[in-house]
Amino acid sequence: MKNHLIAEMFEQMADVLEFKGEIPFKVNAYRKASRIIKDLQIDIETLWKANKLNTIPGVGSGLAKKIDEFLETGRMTKYEEIVHSVPPGLIDLLKIQSLGPKTLALVHKKLNVETLEDLKRVIQDGSLAQLPGMGEKKAENILKGIQLREKGLGRIALGIALPLVEEIIKELKKLSHVGRIYPAGSVRRMRETVGDIDILAETDHGEEIVKKFVSLPHVTRVLAAGKTKGSVLVEGNIQVDLRAIKSASYGAALQYFTGSKAHNIRLREIAKRQGLKINEYGIFDGEKNIGGEKEEEIYNVLGLIWIPPELREDRGEIEAAKEKNLPELVTLEDINGDFHVHTEWSDGSGTIEEIVAKAEELGYSFVVISDHSQSAAYAGGLTPEKLVEQIKEIKRIGERTKKIRVLCGTEVDIHADGSLDFSDELLEKLDIVIAAVHSGFKQKVTERLIAAARNPNVTIIAHPTGRIISQREGYQLDLEKVMKVCAETGTALEINSYYERLDLNDINARKAKEMGIKLAIGTDAHHPNQMHSMRLGLGVARRAWIEKKDLLNALSLEKILQLKGKKKQECK
DNA sequence: GCCGTTTTCGGCCCGACTGTTTTCAGTCG
């Protein structure tokens with residue numbers, strides 16, 4: 001699959017063209033095409049073979065020709081020409097905050113800056129500040145940008161951001177004059193990582209709430225504290241912004257600050273075509289405000305139905321909203337159970353009883369106990385004898401509780417040769433079998449996952465790509481091949497809810513859905529409290545346009561066991 | 001470079017903030 005590669009090439013071309021002062025619209029055309037290709041649900045090579053490159057929005061004859069050349073010959077002449085026209089590494093400097101293409105072009109031309117070291121030197125010796133349009137402050141800000149980058153201040157996991165936001169909101173809600181208060185930005189869209197955190201508060205007393213905000217115990221540094229906006233750093237160098245918004249424009253502000261950028265650009269284009277204008281204060285017909293108190297108003301005025309934040313990525317949601325054809329996204333209330341939970345029988349730290357109690361508290365009708373198998377020695381994996389013993393114990397506990405079904409499961413290792421860590425005979429005794437790769441990440445992972453999917457006893461493939469957010473790339477595998485077999489055999493794929501995994505991710509989960517594969521959220525909890533992370537996996541599912549019918553967790557237990565029985569029949 | 005209820009040219013999202021400037025360019029989200 002070359003989608004990512006091509007998207008990356010166009011992005012690089014956009015950077016260089018911008019640096020060279022090419023008209024912004026051309027630069028944007030490359031950026032837009034890059035983003036859309038990256039998000040594409042199908043292999044761009046498939047479209048190419050069907051002569052359908054021009055059906056990709058943002059790809060016209062010019063870009064289609066470049067893609068065509070690349071897929072035909074493995075090279076893109078224009079790319080090489082453009083990217084090689086600047087010193088290597090120079091364009092990377094654009095990632096420094098406060099240093100944009102214009103400034104970079106200036107220091108490159110006038111001061112021969114080509115590397116980060118060069119840049120530091122011209123700041124320190126004062127020559128950058130001497131350039132026309134530059135000054136002490138500019139130089140200082142760029143230096144701060146460099147330091148920020150060197151400190152590696154990146155994006156943080158949603159699982160870290162969400163609890164933090166909730167604590168802050170809980171504190172601010174105590175003020176009597178605060179009405180609606182929600183996170184905006186990528187937190188509200190449930191992206192797997194977030195840059196900084198935006199919170200919007202409905203209030204007429206901006207100064208007061210900002211004062212309270214910047215004096216919260218979480219705050220390590222106050223960056224700004226005005227009448228309508230406060231900006232702070234909290235522990236872990238996470239930036240949190242609070243905006244005080246008047247009632248009349250709260251909906252417009254929430255819409256505006258939720259983004260995504262691409263989604264908002266599309267909305268403003270639509271508005272413009274209708275002779276309207278959208279900004280963070282409302283939607284306007286000339287000078288006249290025709291909406292903005294509620295977020296729905298912005299969408300409705302444009303002839304769209306309200307779009308759930310998780311869908312706002314310009315991945316087809318606007319077209320669907322126009323047709324009133326948005327998916328009915330699965331909600332937390334739809335979740336009937338958790339498929340992936342560990343106990344102290346392997347490397348978890350809760351008892352089976354504690355897990356069951358937590359599942360009851362969460363209102364589930366079932367929970368699957370799925371401890372590790374024998375090969376996972378590092379995780380205290382169960383021997384076959386231990387598993388037999390555990391099955392008895394689970395049944396004993398299950399009989400005592402009437403409210404909930406406690407299911408026997410396992411997270412069984414897939415060996416390097418594709419065989420499973422327990423015999424089929426033993427696996428048959430279980431209600432749910434989750435199969436996973438935990439070692440040999442570079443050894444024929446595609447073939448191993450396919451072999452597991454073909455096993456009639458395997459219900460779910462866990463964390464299918466093996467990626468760890470901002471730490472590990474994931475297995476070397478051809479996911480599409482694996483998905484084809486899953487679709488064929490009726491094997492479900494997991495959306496692992498652990499905050500550093502979220503695997504499958506939104507794009508792959510959506511692709512799975514479109515291939516007719518069922519998804520199953522598993523929290524991979526190693527302590528009963530971690531079962532609350534269901535909402536992270538749910539966020540991924542919603543971003544993937546998943547509806548009740550696509551998600552095993554939202555089906556009745558009868559239906560789940562029926563699907564499992566069907567797979568067994570067909571695989572035999 | 002893309003695109004079309006302003007169709008094959010002439011547009012292309014919007015505003016805040018900052019720092020450099022006396023009216024605006026650059027950067028960011």
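We name chains A, B, ... by the order of the sequence lines, and we start the count at 1 in each one. Because the structure is predicted, anything quoted here is derived from the model rather than measured. Hydrogens, waters and symmetry mates are skipped; everything else that's a heavy atom, side chains included, is used.
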Asker: Can you tell me, in whole Å, how much space there is between the P of B/dG15 and that of B/dT8?
Answerer: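 Roughly 29 Å separates the two P atoms.
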Asker: What is the separation between atom CG on A/D241 and atom P on B/dA16, rounded to the nearest whole Å?
Answerer: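 Rounding to the nearest Å, CG of A/D241 and P of B/dA16 are 16 Å apart.
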Asker: Base, backbone or nothing for each nucleotide of nucleotides 21-29 of chain B, written B, S, -, heavy atoms under 4.0 angstrom, 5' to 3'?
Answerer: S----SSSB
Asker: Keeping A/N496 on the side-chain end and A/D503 on the backbone end, is there a donor-acceptor pair under 3.5 Å?
Answerer: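 It does not hold such a pair.
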Asker: When rounded to the nearest Å, what value does the distance between P atoms of B/dC14 and B/dC9 take?
Answerer: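 Approximately 25 Å lies between the P atom of B/dC14 and that of B/dC9.
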Asker: Hey, is A/E69 close enough to A/K66 for a salt bridge, meaning N to O under 4.0 Å?
Answerer: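 Between A/K66 and A/E69 there is no salt bridge, as every charged N stays at least 4.0 Å from the carboxylate O atoms.
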Asker: Between atom CD1 in A/I278 and atom C1' in B/dC14, what is the gap in whole Å?
Answerer: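 Result: 10 Å.
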Asker: Is the A/F10 ring parallel, tilted or perpendicular to the A/Y30 ring (thresholds 30°, 60°)?
Answerer: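 It falls in the perpendicular class, over 60°.
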Asker: Which value, in whole Å, describes the distance between the C1' atoms of nucleotides B/dC24 and B/dT20?
Answerer: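 B/dC24 and B/dT20 have their C1' atoms separated by 9 Å.
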Asker: Check whether any side-chain nitrogen or oxygen of A/N141 sits under 4.0 Å from OP1 or OP2 of B/dT18, and answer yes or no.
Answerer: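 No, outside the criterion.
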Asker: Is there a Watson-Crick or G-U wobble partner for B/dC24 with both distances under 3.5 Å, and if so, which one is it?
Answerer: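 Partner of B/dC24: B/dG19.
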Asker: Is there a side-chain contact between A/V86 and A/H108 (heavy atoms, below 4.5 Å)?
Answerer: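 Result no, sub-4.5 Å side-chain heavy-atom pair not found.
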Asker: Using side-chain heavy atoms (C-beta onward) and a distance below 4.5 Å, is A/E11 in contact with A/R31?
Answerer: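 In contact.
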Asker: Would you indicate whether the side-chain heavy atoms of A/E547 and A/V330 approach each other to under 4.5 Å?
Answerer: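 Not touching, per the 4.5 Å side-chain cut-off.
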Asker: Grab the CD1-C1' distance between A/I265 and B/dC14 for me, whole Å please.
Answerer: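 These atoms are roughly 9 Å apart.
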Asker: When you check the phosphate oxygens OP1 and OP2 of B/dC14, does a side-chain N or O of A/N279 lie under 4.0 Å from one of them?
Answerer: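 Result: no.
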Asker: Taking atom C1' in both B/dA16 and B/dG11, what distance in whole Å separates the two?
Answerer: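 So the two C1' atoms sit 25 Å from each other.
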Asker: Can you tell me how far P in B/dT22 sits from the matching atom in B/dC17, rounded to whole Å?
Answerer: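 The answer is 22 Å between these two P atoms.
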Asker: For A/K137 and A/K229, find the nucleotide of DNA chain B closest to each by heavy atoms; which residue's nucleotide sits nearer the 5' end?
Answerer: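 In this pair, the answer is A/K229.
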Asker: When you compare the protein's N or O atoms with those of nucleotides 1-7 of chain B, which come within less than 3.5 Å of each other, and at what distance?
Answerer:
from, atom 1, to, atom 2, distance (Å)
B/dG1, OP1, A/Y30, OH, 3.4
B/dG1, OP1, A/K66, NZ, 3.2
B/dC2, OP1, A/G60, N, 2.5
B/dC2, OP1, A/G60, O, 3.2
B/dC2, OP1, A/L63, N, 3.0
B/dC2, OP2, A/G62, N, 3.2
B/dC3, OP1, A/G58, N, 2.7

Asker: To the nearest angstrom, how far is A/R266 atom CZ from B/dC14 atom C1'?
Answerer: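 In whole Å, B/dC14 C1' lies 16 Å from A/R266 CZ.
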Asker: Would a 4.5 Å heavy-atom cut-off, applied to side chains only, mark A/L326 and A/W306 as touching?
Answerer: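 A side-chain contact is absent here, since even the closest heavy-atom pair is not under 4.5 Å.
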Asker: Using a heavy-atom cut-off of under 4.0 Å over every strand shown, decide if A/Y281 touches base, sugar-phosphate, or nothing.
Answerer: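 The residue A/Y281 makes sugar-phosphate contact but no base contact.
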Asker: With a 4.5 Å heavy-atom cut-off, do A/M190 and A/R542 have their side chains touching?
Answerer: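 A side-chain contact is absent here, since even the closest heavy-atom pair is not under 4.5 Å.
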Asker: Could you work out the separation of B/dT6 and B/dG10 based on their C1' atoms and round it to a whole Å?
Answerer: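 About 10 Å, rounded to a whole number of Å.
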Asker: Do side-chain atoms of A/S533 reach the backbone of A/L536 as a donor and acceptor pair under 3.5 angstrom?
Answerer: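 No: the side chain of A/S533 does not pair with the backbone of A/L536.
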Asker: Check whether any side-chain heavy atom of A/Y182 lies under 4.5 Å from a side-chain heavy atom of A/Y250, and answer yes or no.
Answerer: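 Sidechains of A/Y250 and A/Y182: in contact.
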